[in-house]
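One structure is given below, encoded as structure tokens.
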There are 2 protein chains.
Amino acid sequence: MSTERITRKQREHLQHRSEILQTAMDLFARDGFHNVTMQAIAEASEFSVGTLYNFFRNKDDLYRALLSENVAQFHSGLQNALDAPGSETEKLRNWLTAKIRLFRENIAFVRLYYSETMGASFNVKAGLNREMLAKYEDSLAQLERLFAGGIRRKVFKNLDTRYLALALDGISNTILFDHLEKFEDREIDADVMLSLLFETVLIK
Amino acid sequence: MSTERITRKQREHLQHRSEILQTAMDLFARDGFHNVTMQAIAEASEFSVGTLYNFFRNKDDLYRALLSENVAQFHSGLQNALDAPGSETEKLRNWLTAKIRLFRENIAFVRLYYSETMGASFNVKAGLNREMLAKYEDSLAQLERLFAGGIRRKVFKNLDTRYLALALDGISNTILFDHLEKFEDREIDADVMLSLLFETVLIK
DNA sequence: TAAAAATTTGAATATACGTTCAATAATTGA
DNA sequence: TCAATTATTGAACGTATATTCAAATTTTTA
């Protein structure tokens, strides 16, 4: 898009901003929004409290930015995986592989995301939850279209696409959480997850 | 066990206690721990702040009691379903039916539970998270034994029982959340969820 | 029925924390 | 080199809220 030149100043500013956000993310994921003070974020990111307020209007704003930007990144990571060419089966494998990678790369965000969306959320009032929910629905809709395509081409059985999308999402969630919870570093294979659903899905 | 007589006083005390807890649950599930004040719980439960402190040492203690007691109830609900006699398939259906009922009956608790266990939790310090995790592991272990039994009796394919348990849990979670999120009141059928996994599992 | 015991009340207290902003430091440009 | 501009600092302030406890109310006992 834009080919504007970015000054070193601006580059550094962005760098500092994202350092603050990443530091805050780790703290929030470990202790929860209300148990992390601006003081703590300042100390951990090696800035002063005042400086945080030059980057973000207030604590809510910081938190919102953090969630919003990571949701966007997560969502586009999944989207790209589905956009790559290939058969329905290959696309599903790509999608799962991308999801595995995204979970591993940013488990702190994943924790935050699920605790915000599943349950009580300080963001109900703000539009953030709506935004996150919309992206989730979009993801599901894309999966549904994929399954529908497979059904049309007669490689998948004619099952409810909504349930298929939910099932795939659910299977991958629990298995990924189980692995990451245990700090298991052995590779998680997309095919293991796919296989749990596939004999139900594939036409032999 | 105990056949001791319980006085009206004691009965009322327990009644009041559980009214407070249920009221608090709804508030916590809607707004999150830190956005619910003791004042708000007092008003909603029609007691004064001071009285809350006669029932619970402090706010943390109230919250802990609330989660702990509901986790226990949830857990034993699932356990009982598996203890009923029947084939592996029937037991799985019982388990799912019980889970559906428990979700519907106490969606507030379910929200709280998942946002506490998935993500950042104020309770990491206290032993509550450990307690909840232990009960979850126990549930999974029971499911695994069930699958293992089916495999031994040659009604199920010889698949990794851990993954099967996780998959069933994951499928039911996403589908249940999807339904309850949308306030859909049409019945959720255990068989729909089972069928998503079963063609993978059953030996034809 | 009245004293004693138990329970409830909510105003007062203490504290923790988000936010501000005047002072200081660092950077830039002439 | 030295103004001028920009960025950083953290002590001070105000507010929100968890907790306490003396007084008021209700219940029990004799």
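A quick note: this is a predicted structure, and the numbers were derived from the prediction, not measured. Letters A, B, ... are given to chains in the order of the sequence lines, protein chains preceding strands, and every chain is numbered from 1.
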(message) Please report the distance, rounded to the nearest Å, between CD in Glu12(B) and C1' in dT26(D).
(response) 12 Å
(message) Suppose we call two aromatic rings close when their centres sit under 6.0 Å apart. Are His179(A) and Phe103(A) close by that rule?
(response) no
(message) Nearest to the side chain of Thr37(B), heavy atoms from C-beta on, is which of dT17(D), dG18(C), dT19(C)?
(response) dT17(D)
(message) Let's see if you can work this out: which of dT8(D), dG18(C), dT19(D) has an atom nearest to the side-chain heavy atoms of Lys59(B)?
(response) dT19(D)
(message) Among dT19(D), dT8(C), dG10(D), which nucleotide has an atom closest to any side-chain atom of Ser48(A)?
(response) dG10(D)
(message) Can you measure Phe47(A) atom CZ to dT19(C) atom P for me and round it to whole angstrom units?
(response) 19 Å
(request) Let me know the distance between CE of Met38(B) and P of dA16(C), rounded to the nearest Å. (result) 18 Å
(request) Measure from CG on Leu52(A) to C1' on dT8(D) and round the result to the nearest Å. (result) 11 Å
(request) Give the nucleotide from the list dT8(D), dT20(D), dT19(C) with an atom nearest to the side chain of Phe55(A). (result) dT8(D)
(message) Tell me whether Glu46(B) at atom CD has more than 12 heavy atoms from other residues, nucleotides or ligands lying less than 6.0 Å away.
(response) no
(request) Starting at atom CD1 of Ile41(B), determine the distance to atom P of dT19(D), rounded to an integer number of angstrom. (result) 10 Å
(message) In this structure, how many angstroms lie between the C1' atom of dA7(D) and the CG atom of Asn54(A), rounded?
(response) 7 Å
(message) Taking the six-membered ring for Trp, are His16(A) and Phe47(A) closer than 6.0 Å centroid to centroid?
(response) yes
(request) Rounded off to whole Å, could you give me the CD-to-C1' distance for the Gln10(B) and dT7(C) pair? (result) 15 Å
(request) Using whole Å, report how far CG of Leu62(A) lies from P of dC17(C). (result) 17 Å
(request) Using a 4.0 Å heavy-atom cut-off across all strands, classify Thr51(A) as base, sugar-phosphate, or nothing. (result) base
(request) Please find out if less than 6.0 Å separates the ring center of Tyr114(A) from that of Phe177(A). (result) yes
(message) Between Arg8(A) and dT28(C), is there a contact of a side-chain N or O with OP1 or OP2 at under 4.0 Å?
(response) yes
(request) Determine, using ring centers only, whether His13(A) and Phe55(A) are less than 6.0 Å apart. (result) yes
(request) On DNA chain C, check which nucleotide each of Gly50(B) and Lys9(B) is closest to and give me the residue with the more 5' one. (result) Lys9(B)
